[in-house]
Structure formats: structure tokens, C-alpha cells
Amino acid sequence: MPQEMTLGEALVEGLAEAMEQDQRVMLIGGGLVSSGPARARFASVRQRHGRRIKSPPIAELGYCGIAAGAAMAGLRPLVDVGTATFSYEAIPQINNEAAVAYSNSGGQTNVPVTYFMRYGIRGGGGVQHSGSPQPWYWNTPGLQVAMPATPADAKGLLRNALLKSRDPTIFFAHERLLGERGPVPDGEYETEFGKASVAREGNDVTIVAVGVQVPRALAAADALARDGIAAEVVDPKTLEPLDTETLLASVGKTGRLVVTDESHDNCGVAAGLAALMADLAFDSLKAPIKRVAIPHVPVPFAVPLEDYVTPTAERIEEAARSLLR
Amino acid sequence: MPQEMTLGEALVEGLAEAMEQDQRVMLIGGGLVSSGPARARFASVRQRHGRRIKSPPIAELGYCGIAAGAAMAGLRPLVDVGTATFSYEAIPQINNEAAVAYSNSGGQTNVPVTYFMRYGIRGGGGVQHSGSPQPWYWNTPGLQVAMPATPADAKGLLRNALLKSRDPTIFFAHERLLGERGPVPDGEYETEFGKASVAREGNDVTIVAVGVQVPRALAAADALARDGIAAEVVDPKTLEPLDTETLLASVGKTGRLVVTDESHDNCGVAAGLAALMADLAFDSLKAPIKRVAIPHVPVPFAVPLEDYVTPTAERIEEAARSLLR
Amino acid sequence: MLPDMSRDQRLDLLRKMLMIRRAEEHVVRFNEEHEGLIRGHFHIYIGQEATGVGVCAALAPEDYLFSTHRNHGHVIAKGGDPGKVLAEIIGRETGYCLGRGGTFHVAAPDLNIPHTSAIVGGSTALASGAALAAQLLETSAVTVVFFGDGAMDEGVFYESLNMAKLWELPLIFLMENNYRRAGRVNSGHSADDLANIPRALNVETTAVDGGDVGQVYGTLLDLARRTRAGQGPFFVEARTHPWPGNDGDHPELVAGLTDINWAWDPGPVPEKVRPWYAEGDGILAYARELADGEGCDRDTIVRLDEEVRREADAAAQFALTSPLPAPEAALHYAYAGRSD
Amino acid sequence: MLPDMSRDQRLDLLRKMLMIRRAEEHVVRFNEEHEGLIRGHFHIYIGQEATGVGVCAALAPEDYLFSTHRNHGHVIAKGGDPGKVLAEIIGRETGYCLGRGGTFHVAAPDLNIPHTSAIVGGSTALASGAALAAQLLETSAVTVVFFGDGAMDEGVFYESLNMAKLWELPLIFLMENNYRRAGRVNSGHSADDLANIPRALNVETTAVDGGDVGQVYGTLLDLARRTRAGQGPFFVEARTHPWPGNDGDHPELVAGLTDINWAWDPGPVPEKVRPWYAEGDGILAYARELADGEGCDRDTIVRLDEEVRREADAAAQFALTSPLPAPEAALHYAYAGRSD
Ligand SMILES: Cc1ncc(C[n+]2csc(CCOP(=O)(O)OP(=O)(O)O)c2C)c(N)n1
Ligand SMILES: Cc1ncc(C[n+]2csc(CCOP(=O)(O)OP(=O)(O)O)c2C)c(N)n1
Ligand SMILES: [Mg+2]
Ligand SMILES: [Mg+2]
């Protein structure tokens with residue numbers, strides 16, 4: 001029967017299993033989580049597989065490139081970049097090397113590397129520790145983008161990236177989800193890329209939510225339900241590949257759409273999803289497509305400022321209501 | 001009376017004037033253009049202002065950061081990064097330092113730096129010389145994004161960035177526009193940021209086109225006109241700030257919208273603009289919003305492949321027709 | 001070694017060092033004693049005060065300073081108001097950056113600290129740029145960039161060092177070697193001696209005891225002069241004994257509040273950290289030195305510390321009682337060119 | 001210095017060097033003689049053949065090679081089919097990468113050249129990764145990464161060098177110093193001797209005459225052996241006289257097609273480039289050496305060149321007559337995990 005654990009623990013569990021099952025799986029960087037029981041679990045992984053775990057110098061560009069090169073030569077590396085903003089240093093190697101090698105080689109060179117990063121407004125991170133670059137990675141062909149919202153998906157998607165995938169994957173975990181608990185199935189399993197889940201059913205409005213926005217959307221749906229508004233919450237789980245069908249089916253049913261991601265609004269993930277639906281689902285739309293994202297200002301530090309720019313459940317709820325007035 | 005010159009010449013002209021007018025204007029990097037008469041013109045600028053022109057080593061991250069720091073300390077640097085993909089190296093300094101200093105300092109530190117780069121599918125560039133990162137920069141608050149389509153705007157926007165602006169600007173010129181000729185007004189003038197132009201009027205369909213897509217949209221409009229379809233072509237000139245009013249007015253009039261930019265489609269500029277309109281202009285929309293962008297594959301090299309992924313006038317025309325069937 | 005200056009100036013260095021220590025002690029207590037006041041993690045400067053104070057004492061107001069995630073002490077050393085520093089660290093409207101920057105990004109443009117990067121190595125490029133501006137605008141400003149040993153892992157440091165040398169920028173690279181990367185012990189570099197890297201790039205290097213404020217001051221005074229004379233850039237390694245409170249993810253006052261009397265009577269210092277307070281603490285060492293020097297005794301110093309503690313307490317009160325910014329202010333300051 | 005090997009092997013080195021020269025001569029002519037065949041710019045390897053061939057002669061098939069924007073010669077040296085190289089350079093379906101990579105990105109995974117980066121310095125990190133894979137998978141593969149002097153400006157080189165040394169990777173950094181950055185003369189570095197940088201990071205360095213195929217081969221044979229023995233990484237600087245045809249934005253055959261007879265009779269060589277063909281051209285020098293060596297004379301060499309020219313002409317024909325990829329193929333190969 002499924003165990004309760006935090007998303008952080010589920011990730012370490014997935015890593016531990018993957019390193020056990022496949023000698024090609026290796027880790028560059030920290031242990032995915034910075035504290036809590038998962039930290040201890042990771043220590044045992046380090047004990048067991050230390051040879052395949054490298055603690056790099058503070059040189060993201062170099063070691064993310066090294067991971068890509070290692071993947072080209074037969075390994076299946078996982079890189080823990082830490083805070084997502086640190087991955088900016090490595091964009092030349094991630095977006096301009098790892099992402100392009102397969103296409104550029106005419107389908108000969110596979111790059112099964114996974115870049116793990118903690119994104120978003122964590123609380124007191126200040127502008128340089130509150131980044132959400134998922135739109136940049138989703139914009140880049142050749143990269144897969146995974147954004148789990150639950151411990152179960154976190155583990156299943158990570159196992160998929162580390163053990164099955166033949167393409168580079170950017171793996172996002174929201175800082176504020178790492179400590180959230182949820183049931184995780186027993187035994188070995190992978191969560192499919194490109195298969196969305198309907199986290200909650202409803203007929204009045206569709207809320208497409210990614211990563212940390214999923215629990216926020218569910219909270220908004222609860223609040224809406226109290227007023228008899230039935231919101232459907234769709235969790236794509238991965239942006240690339242994207243399960244367009246499930247999104248279209250939901251919008252086809254509700255005719256109303258809110259899209260939400262904790263990234264900046266211009267060309268953000270919410271905008272990217274909204275644009276797809278404004279084309280493909282136009283005929284079923286009864287109202288404007290609303291986006292709930294981070295407004296166009298660098299994330300400020302002070303508590304009230306930081307909270308003000310966070311795409312909260314309240315803002316999702318308000319956006320949904322605005323479509324039903 | 002206005003002179004005919006290429007976009008490249010107009011840029012060098014704007015730089016020459018700016019360096020003449022303001023001692024704080026300086027250049028790091030090449031001369032904006034790689035060949036042609038503008039090259040000779042630039043040689044004379046180097047002659048005259050050599051002390052304020054630095055030829056850096058091949059270290060984009062370092063010198064883009066140096067330009068940002070110099071701007072914080074009283075200069076108004078222009079950086080010629082060259083091919084836009086080379087700017088990936090500098091994203092940590094551009095997006096995570098230059099872009100945030102003003103907000104982070106509570107409005108005390110200005111960073112009037114301009115990063116010039118040549119974007120897009122140039123013809124035979126291969127994947128690493130065909131990048132279009134404008135969505136990443138537009139996604140980043142604190143950065144202004146200029147994408148001129150004509151020699152006149154190129155000069156006017158560059159003068160504005162170098163002489164007037166108090167914020168960092170990413171200045172895009174499409175490789176294939178640099179040699180295009182057009183009239184350039186005499187004398188000193190700046191082109192306003194955030195003021196779109198209606199490049200062609202029409203009542204049937206709006207085509208919002210950016211940078212190199214403007215001439216392509218105009219060509220598409222000509223073709224459509226032959227079949228009695230009146231397309232309106234709107235050129236935002238700058239994405240940040242964006243002239244939303246002019247876009248809304250046009251869509252309000254036509255009720256049909258095609259958005260096009262030569263960047264990749266997921267979270268691309270076309271998607272970003274489409275998402276805004278799917279919210280704000282929904283009530284006036286009579287048809288789906290169509291995007292004409294680069295499909296989600298790394299830009300391949302061979303001529304037919306490269307042409308196939310290019311968002312041509314034909315593809316814009318086809319998208320517009322699909323809305324009127 | 002006592003700095004070559006007047007008694008009052010010497011005491012003023014001690015005052016600044018103590019002010020940093022007392023302010024940082026408050027920061028740690030903010031975190032320990034006020035649930036939710038500090039949401040994220042933070043870095044403090046305890047154990048490195050002698051370096052920051054020694055360097056800044058050799059600088060002029062117009063000189064530029066760039067710092068890191070470990071900036072609190074640098075800003076105070078350059079003349080920052082402890083109240084405005086503490087207020088920024090906890091995100092108050094009265095902070096140096098109106099609470100928008102926070103602990104990672106305390107900057108003070110009016111002190112010529114335009115922007116503080118918490119990206120390891122990030123400031124080395126920005127500082128080189130400020131130095132380039134001083135060079136082209138022909139001001140006499142010197143730029144000092146503080147960074148840690150870990151920053152020498154990053155390519156941006158290498159690129160900046162190269163350009164600083166190629167362009168002969170009026171810049172001093174001030175590497176604070178605390179033999180740690182944040183809380184972690186990790187040599188992380190293949191160079192036996194980190195100074196071999198600037199040496200390879202023809203940049204003159206100097207090593208100082210970062211715990212000896214007099215030595216730091218003397219060295220910087222000379223290098224600042226030479227830098228103004230166009231002989232820069234220079235690279236300085238200031239070596240400090242890592243303060244045990246910095247081991248691990250969150251700083252802790254492993255020995256409680258520093259008692260200035262430990263300078264003479266280390267007895268009460270907890271066993272396990274006694275070695276550091278005996279050899280590593282530049283404040284206690286300097287206090288001892290001063291008391292032995294002429295025209296100054298232990299009492300003067302103890303009284304000075306009491307005075308500083310009162311000021312630091314007031315600064316902490318000021319920060320704690322300062323208003324938070326109004327939520328809507330979040331949307332301001334994205335662009336200078338917009339009406340905020 | 002003649003390489004320590006059999007006569008046939010020695011001739012085979014010359015054959016490979018000539019093949020690169022002749023193939024590159026075709027590339028330049030593709031651009032000059034076929035309007036629109038090459039849309040963008042490109043970089044050729046003329047003048048550096050001795051380095052690529054000497055290095056690859058010391059490598060085994062399983063060894064990894066990473067290259068740069070100047071890759072054509074490296075791929076041929078590692079055993080690449082000139083026809084498939086030329087076809088890739090002009091974007092034909094028969095090219096090594098089905099025409100998707102093009103001149104900047106000629107790669108040949110079946111020759112253990114998995115991906116070629118045209119980003120200056122970009123390959124140094126990828127190559128370090130391949131070396132890490134060989135280390136962890138316990139294969140005997142050595143990785144060689146070619147890069148130019150300009151790549152040492154980039155932080156990624158510095159970061160990769162540091163990690164390669166920290167992790168003792170089986171990797172050889174092969175810096176080809178042509179004293180140019182693409183077409184431009186520009187020292188660009190503050191180090192008097194670029195090798196001082198690896199030295200500062202404790203990486204053993206060697207300098208070779210990049211125009212002397214025998215010296216390059218001998219040096220690499222020894223270093224490859226030591227690298228397999230776990231003594232890596234190593235840094236090699238191969239110095240070449242910059243070929244005048246590379247000055248400026250587009251390569252030009254400033255002296256027309258190389259005539260192998262110039263090895264003995266430089267008379268016909270155009271005045272202004274005669275010095276380069278006299279001292280700089282590793283092919284002519286090696287031809288002279290070989291002719292003096294036993295069991296081989298000028299005739300043998302002239303005949304070998306004729307043979308190579310015929311093969312190169314055929315390769316060029318193959319490329320020119322090969323089909324272009326079908327336009328719709330553009331959308332394939334974004335992901336391995338999708339049915340293309
Ligand atoms: C680019 C980047 N990578 C990683 C981090 C996370 N980080 C913060 S401080 C630190 C250690 C820095 O060590 P050092 O430069 O020696 O400074 P110290 O903390 O020792 O004063 C790291 C890795 C960061 N802030 N930026
Ligand atoms: C990151 C990056 N910046 C700039 C360029 C443009 N560029 C292509 S080749 C080159 C010069 C490289 O010099 P070097 O490494 O010495 O190689 P060489 O051309 O001399 O063989 C430059 C600057 C690039 N390709 N990548
Ligand atoms: Mg340190
Ligand atoms: Mg070179």
C-alpha cells in the first residue's frame with residue numbers, strides 16, 4: 001500500500017532506485033534536497049554509490065556541459081543545479097549543446113541528461129533566488145520539461161527521465177513543494193511524459209495549472225465550489241511533451257479557461273498555454289483566457305512585496321470568477 | 001530630405017551620432033555590421049572615438065557584465081554581442097544583474113546599457129548561429145526589448161536607447177534585414193519606445209509582426225490584397241514597452257488576428273502576444289488567433305530544411321486566409 | 001600590527017569592527033527569536049570584520065565597492081548605517097533598498113555600492129565595469145570587489161580578471177579566503193595556491209592576514225594609491241580562520257554573544273570554539289593590541305564596546321519597528337523610464 | 001622530424017594531410033564557384049593539417065574527439081569519409097549528419113565524434129564529460145578536445161580545465177594556436193604564455209610545432225598512453241603559422257591550389273605568401289622530409305598527391321550531386337523519444 005512521503009523524499013527515493021538499477025545513472029551536485037529526513041536518505045545513497053556522485057566546484061556552465069558530454073558518451077547523468085537561477089550560467093551548454101545534438105547529428109547522438117532545479121518564489125529568496133526559467137526551457141526544442149506537482153509524480157517522472165528517456169530533461173521542483181507530503185505507490189514505476197491528469201473534475205471552468213500552481217488551483221477550486229462553481233483542474237505534469245488532447249477536452253467541456261504558472265507573464269508558461277488554446281480551442285471558448293502568473297517586475301524581497309507578486313490560490317479563484325460573471 | 005540607406009548603415013549612423021553627442025556613450029565589441037559600406041563608416045567612428053571603443057576577448061559573460069557595471073557607474077555602453085546565440089553566455093549578467101539592479105535598489109541604480117545582437121535564421125548559420133532568444137528577454141522584467149523592422153526605426157530606436165533610456169535594452173536586428181534599404185530622416189531624432197506603427201491599413205485581418213516578420217507580413221498583405229483581402233499590418237517596434245492600445249484598436253476593427261515572430265513557438269513572442277489578445281481582445285475576436293513562428297525543432301542547416309522552418313510571407317498569408325474561410 | 005594612524009582613528013576601526021559583529025549577532029537572533037521574520041537563508045560576516053574594515057578604511061567615499069551574498073559587513077564598513085542595513089536584511093521600507101533587495105542584495109548607491117550580486121562571481125564583472133567607467137570618465141575612483149574563494153571556481157571571475165588586466169583597470173580584486181564555500185568545506189579548486197591564477201594572468205598578487213586589520217589597512221592603502229596611479233589591477237587574498245558559527249546551513253552564535261573581555265580572559269569561551277576566539281577572531285586580537293598600545297587601555301575598549309552595543313541595539317530596534325513596504329509597492333521600480 | 005613508424009604509415013599520414021588540403025580547397029571553391037551553394041560563412045583547416053593528422057594517428061577508434069567551428073580537417077583526420085564531410089558542409093542528405101549540422105557542426109558519432117560545437121570553448125566541457133563517462137564506465141577511451149587559442153578567453157574552458165584536473169579525467173586539451181581568432185589578429189589574453197593557465201591549475205603542458213606531423217604524433221602517442229594509465233588530464237599547445245588565406249571574413253585560396261612540387265621548387269608561389277609556404281606549410285615540409293627519407297622519393301609523393309586529388313575530386317562530385325534533404329524532414333529529429 002502507498003506510503004506517505006514528502007516530494008523531496010520521493011525524489012531521493014527515485015534517485016536511489018535509479019542508481020541501484022542502472023550503473024549508467026550518476027549524479028553531479030547536491031542531493032536534490034537541502035534538509036529534512038530526505039537528507040539522511042541521500043547520505044546513504046552517497047555511501048553506496050559515492051563513486052558515481054561528483055561534488056563539483058561552483059561552475060554550473062562547466063558541469064552542466066560535462067553532464068551533457070557524459071550523456072553523449074553513455075552515461076545517464078542527473079545534475080542538481082540547485083536554485084533554478086543558477087542554471088542561467090549553464091544555458092549555453094543546456095540550450096545550445098545538449099538540446100541540439102540529437103537533431104544536429106541527424107538522430108545519431110542521444111543526450112539522456114537530466115537537469116534538476118528548484119524554481120520559484122521560495123520565501124525570502126530575493127530576486128536572484130526566486131527565478132522561474134521554465135518558459136525559456138520550454139521554448140527550446142530538444143529539451144523535455146517536467147514539472148511535477150505531487151510526490152508520486154515527482155518520483156515517477158524522475159525515474160522516467162533517469163532510466164527511460166533518451167532526451168535531455170529539465171526537471172523543476174518548486175521550493176515550496178519539496179516539503180509537501182503525499183502518497184507514493186510502492187515498488188518501481190514510471191510516470192509517463194506527456195500525459196496530463198485531471199486533478200479535479202468540473203464543468204464550469206478549466207484551470208490548467210503547472211507545478212506549485214496545482215495545489216493552489218485545487219484550493220481555488222474548493223473555494224469556488226462553496227459558491228457552486230465547479231472548476232476542473234488539469235495538471236499537464238510535463239510541458240514538453242504536452243498533452244494537448246486532455247487540455248482541449250476539458251476546455252471543450254467547460255468553455256472557460258484559466259492558465260496558471262509561477263513564472264513571469266510575458267512569454268511565460270501561462271501565456272504559452274493560453275496561446276495554444278486561443279488557436280485550437282477558440283470555437284469552444286465562451287470567455288477570455290485568463291492568465292495567473294508573476295507580474296512583470298523582478299521578484300522583490302520584503303514579505304508583503306513577495307506575497308503580492310505570488311500567483312496565489314486567491315488570484316486563481318478571482319480569475320475564474322471573472323469568467324463567470 | 002530623407003536618405004536611402006541600409007538598416008546596417010542606419011545603425012552605424014545612430015552610433016556615430018550618439019558617440020559624438022554624449023561622451024558617456026561607449027562601445028564594447030564589433031561594429032554592428034560585418035561588411036558593406038557601413039563597415040567603412042564604422043572605421044571612421046573607430047578613428048574618432050577609439051578610446052571609447054573596446055575590442056574584448058571572446059568572453060561574453062564577462063564583457064556584458066562589465067558593460068552593466070559601467071552603466072551603473074555613469075557610462076552608457078553599447079555592447080555588440082554579435083550573433084544572438086552568443087548572448088546565451090551572458091544571460092547571468094544580463095537577466096540576473098543588469099535587469100534587476102534598478103528594482104533591487106529601490107529605484108536608485110540605473111543601468112542604461114544596450115545589448116545589440118543579430119537574431120534569427122540568417123541562411124546557412126546552422127543551429128548555433130540561428131538563435132532567436134527574444135522571448136527569454138521579453139520574459140525578463142527590467143529589460144526593454146527593441147526589434148526594429150526598418151532603417152529609420154533602427155536608427156531612431158538605437159539613438160533612444162543610447163542617449164535617452166535609463167534602463168537596459170536588448171536590441172535585436174535580424175541578420176537578413178541588415179542589408180535592406182529604406183529612407184532615413186535627416187538630422188537627429190529618436191523613435192519612441194512603446195509606440196507601434198500601423199505599417200499597412202486594412203479591415204479584414206490584423207497581422208501583428210515583429211522585426212523581420214514586418215516585411216514578410218507586408219508581402220503577405222500584398223498577396224492577400226490581390227484576392228480582395230485587406231490585411232492590417234501592425235509593427236510594435238518594441239516588445240517592452242508594448243503598445244497594447246494600438247494592437248487592441250486594430251483587432252477591435254478587424255476581429256481577426258495573426259501574430260508572427262521569427263522565434264520558436266512554445267512561449268515564443270507570437271505566443272506572448274496571442275495570449276495578451278486572447279484575454280484583452282477576446283470579445284472582438286471572430287476567429288482563432290493564429291501564430292506564425294519557428295516550429296519546435298532545432299533550426300537545421302540544409303537549405304530546404306532551413307527554409308521549411310522559416311516563418312515566410314507564404315505561411316503568414318496562409319494563416320490569414322485560414323481565418324477568412 | 002597596529003595601523004599607522006592616530007589613536008582615535010585606530011579606535012574608530014575597532015568601533016566599526018564591533019559594530020559589524022554586534023549587528024550580525026542581531027541578525028542571527030532575528031532568525032532564532034522571531035518566528036517567520038527571516039523567511040529564507042542568509043550569510044553573515046562574523047570572523048571577517050577585520051578584512052572589510054581594513055579595506056574600507058583605505059578607501060575614499062567616491063571609491064566603488066562590490067560585494068556578495070556575504071555583504072552585511074561590507075556595507076557597514078563602507079560607512080553604512082547599521083539601522084538601514086538591518087532594516088534591509090529583514091525587508092523594511094526603511095532599508096537601504098526599501099526592502100526590495102534583502103539580505104542577499106544589501107546595496108547603498110549613495111556609498112558607491114550600486115548593486116550587490118548574490119550570484120557567486122557575479123560581482124567581479126560588474127566591478128570591472130565600474131572600474132572601466134572610472135577610467136573612461138577620468139575620475140580618481142578605485143573599485144574594490146570582494147568575493148570568496150569559491151568565486152574563483154566561476155568562469156566569470158576568470159573572464160573579468162583577464163579583461164581587467166588587458167584594459168589595466170583601476171580595480172582591486174579582494175578575495176576573502178575563509179576556506180569554505182558558504183557553510184561547506186570543499187577545496188573545489190585544482191590550483192594549489194589560488195593566487196597562481198591571477199599570477200598566470202600577470203596580475204600582481206598580495207596575501208594578507210584577513211584577521212589583522214592593521215595589515216589589511218596598510219596593504220590596501222598602498223594598493224589603492226598605486227591603483228589610482230594607473231598601476232592596477234591588483235589581486236589580494238585575505239585569509240581568515242573560518243568562524244565555526246558558519247559551518248552548516250544556518251549561522252549560529254556557537255559561543256553566544258562575543259564578550260570583549262575574552263580578549264584578555266578566554267576562560268568562559270566554550271571549549272570547542274575556544275581556538276577560534278583565541279587565534280581566529282580579528283576583533284579580540286585587535287582589542288588586545290590596542291590595549292597594549294599607548295594612550296588606550298582595556299577600559300576604553302570595554303566602554304567603546306558598550307557604546308557600540310547600545311547603538312547596535314538601537315539599530316535593531318529601528319529595523320524591527322520599521323514599517324513593511326506597502327504590498328502594491330511590489331509593482332514599482334521595474335523600469336526607471338516608467339512613472340512609478 | 002619523421003614519425004617513428006613504417007614507410008607506408010608515414011605515407012598514409014601524408015595522404016591524410018593532403019586529403020584535408022584538397023577537400024578544403026574544394027570547400028573554398030564551392031563558395032567561389034557555386035552561387036548560393038554556401039549561404040553562410042565557414043572556416044577551413046588549411047595550414048593546420050599536420051596537427052589534426054598527427055593527433056589522430058596516435059588515437060584508437062574508440063577514443064573520443066571533440067572539435068570546433070574549424071572541424072572539417074579533424075573529422076577527416078579521425079577517419080572521416082571526405083565525401084560525407086563535404087556533403088555535410090553543403091547540407092546534403094548524404095552528409096554525416098544528413099545535412100542538418102552543416103559546416104559548423106560536422107560530427108561523426110560512428111567515429112566517436114558525437115557532437116561538434118561551433119560555440120567558442122563549448123566543446124571543452126562536453127569533452128570533459130565524455131572523459132568522465134570513459135572513467136566511470138572503465139573503458140580505455142581517451143578523449144581529445146581540439147580548440148583554438150581564442151577559446152582560452154572563455155570561462156567555460158577555465159571551468160572545464162579545473163574539473164578535468166580535480167577529477168583526473170582521461171582527457172587531452174589540444175589547443176591549436178594559430179595566433180588568430182577566426183580571421184582576426186587579436187592577442188586577447190593577458191597571459192604572456194597561454195600555457196601558464198593550465199600550469200596554474202596543475203595541468204601538465206607540452207608545446208609542439210603544429211606544422212610538424214611527426215612531432216605531434218610522437219607527443220600524442222606518449223600522452224595518450226599516459227592518459228590511459230590514468231595520469232591525465234594533459235594540455236598541449238600546437239603552434240602553427242597562420243595560413244594567410246584565413247585572414248579576413250571568408251577563406252580564400254590566396255595562392256590558388258597547392259602544388260606539391262612547391263615543396264622543392266617554391267618559385268611559382270606568389271610573392272606575398274611565399275614565406276608561409278616556405279616555413280608554415282606542414283604538408284610541403286613533411287613532403288620534403290619524406291622524399292629525403294629512405295624508401296620514398298619525390299615521384300612517389302607526387303603520384304600520391306595525384307591519387308588524393310582524384311579521390312578529393314570524386315568526393316566533391318559526390319557531395320555536389322547528392323540530393324538535398326526533403327523539406328518536411330526539417331521537423332524530424334527534435335526528440336529521440338518521438339516517432340520521427
Ligand atoms: C552561480 C551560483 N551558484 C551557486 C550559488 C550558491 N552559493 C551561495 S554562497 C556559495 C558559496 C560561495 O563560497 P565563497 O565564494 O567562498 O563565499 P563564502 O560563502 O565562503 O563567503 C554558493 C555555492 C550561488 N549563489 N550562485
Ligand atoms: C561564444 C562564441 N562567441 C563568439 C563566436 C564567434 N567566433 C567564431 S570563431 C571565433 C574565433 C575563435 O578563435 P579560435 O578559438 O582561436 O579559433 P580559430 O578560428 O583561430 O581556429 C569567434 C570569435 C562564437 N562562435 N562563439
Ligand atoms: Mg569561502
Ligand atoms: Mg586561433
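Protein chains get the first letters and strands the later ones, always in sequence-line order, with residue 1 at the start of each.
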Just how far is it from atom [atom1] of [X] to atom [atom2] of [Y], taken to the nearest 0.5 Å?
X	Y	atom1	atom2	result
B:I66	C:L169	CD1	CG	6.5 Å
B:R52	C:L137	CZ	CG	10.0 Å
C:T116	B:N104	OG1	CG	8.5 Å
B:S105	C:D110	OG	CG	11.0 Å
C:R338	B:D167	CZ	CG	7.5 Å
B:Q93	C:I119	CD	CD1	9.0 Å

Inset, instruction - Taking only Lys NZ, Arg NE, NH1 and NH2, and the carboxylate oxygens of Asp or Glu, determine whether C:E168 and B:K54 approach each other closer than 4.0 Å. - result: no
Inset, instruction - Would you indicate whether C:E328, at its atom CD, is surrounded by more than 12 heavy atoms from other residues, nucleotides or ligands within a distance under 6.0 Å? - result: yes
Side chains of [X] and [Y]: closer than 4.5 Å at any heavy-atom pair?
X	Y	value
B:Y102	C:Y333	yes
C:W167	B:P56	yes
B:P57	C:L166	yes
B:V100	C:H115	yes

Between [X] and chain C, with a heavy-atom cut-off of 4.5 Å, which part of the residue counts as in contact: side chain, backbone, both or neither?
X	result
B:E60	backbone
B:P112	neither
B:Y63	both
B:Q23	neither

Over all heavy atoms of both residues, which pair between [X] and [Y] is shortest? Give the atoms and the distance, please.
X	Y	result
B:I28	C:L132	CD1-CD2, 4.3 Å
C:A133	B:A70	CB-O, 3.8 Å
C:P114	B:T109	O-OG1, 2.6 Å
C:S117	B:E97	OG-OE2, 2.5 Å
C:A336	B:N110	CB-OD1, 3.6 Å

Legend entry - Toward chain B: residues of residues 88-106 of chain C with heavy atoms under 4.5 Å: C:Y96, C:C97, C:L98, C:R100, C:G101, C:H105
Inset, instruction - May I ask you to list the residues in residues 315-327 of chain C that approach chain B closer than 4.5 angstrom, counting heavy atoms only, ordered by number? - result: none
Legend entry - Heavy-atom pair count under 4.5 Å with chain B, highest-scoring of C:P109, C:G155, C:A127: C:P109
Inset, instruction - Give the member of C:A107, C:G122, C:A108 that has the highest number of heavy-atom pairs under 4.5 Å with chain B. - result: C:G122
Inset, instruction - Just give me the residue among B:G62, B:G194, B:P92 that pairs up with chain C most often, heavy atom to heavy atom, under 4.5 Å. - result: B:G62
Inset, instruction - Below 4.5 Å from any heavy atom of chain B, which atoms of C:A130 appear? Answer side chain, backbone, both or neither. - result: both
